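The structure appears right after this line, and notes come after that.
Model, not experiment: these values are computed from the prediction. As a basis for the values below, the full set of heavy atoms in this structure was taken, side chains included, without hydrogen atoms, waters or symmetry mates. For the single chain, residues carry numbers from 1 onward in sequence order.
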Amino acid sequence: MDCPRCQGLMIEIDLREVSTRDRVLGWRCLLCGETTDSGIEANRMSHGQPSQNRARVPGAPTAKSWKDSVR
Ligand SMILES: [Zn+2]
């Protein structure tokens with residue numbers, strides 16, 4: 001299994017599903033730490049790419065730049 005983010009080597013890990021208390025087999029990337037399991041993969045397949053990116057927009061004002069502009 002290759003990491004979906006960096007194509008690094010992923011190792012199998014045991015995840016504990018809190019809601020069901022089932023043991024779920026997952027994978028963790030040795031390079032970037034990405035963790036995934038069969039449920040997450042199924043969600044990705046059914047939803048596709050997220051339509052809205054919540055990441056901060058580059059160039060958007062931050063608390064620091066706002067303080068600097070006030071001064
Ligand atoms: Zn990775």
Next on the checklist: The criterion is side-chain contact (heavy atoms from CB on, under 4.5 Å); which residues satisfy it with Leu9, sequence neighbours excluded?
Outcome noted: Leu30

Next on the checklist: Show every side-chain hydrogen bond (donor to acceptor under 3.5 Å, both in side chains) that has at least one partner inside residues 1-14, sequence neighbours left out.
Outcome noted: Arg5-Glu34, Asp14-Arg23

Item to check | Contact summary for Leu31 and Cys6, nearest pair of heavy atoms | outcome: CB-SG, 4.0 Å

Item to check | Nonpolar side-chain network containing Met10, other nodes, edges under 4.5 Å | outcome: Met1, Trp27

Item to check | Member of Thr35, Thr36, Asp37 meeting the side-chain hydrogen bond (donor to acceptor under 3.5 Å, both in side chains) criterion with Arg28 | outcome: Thr35

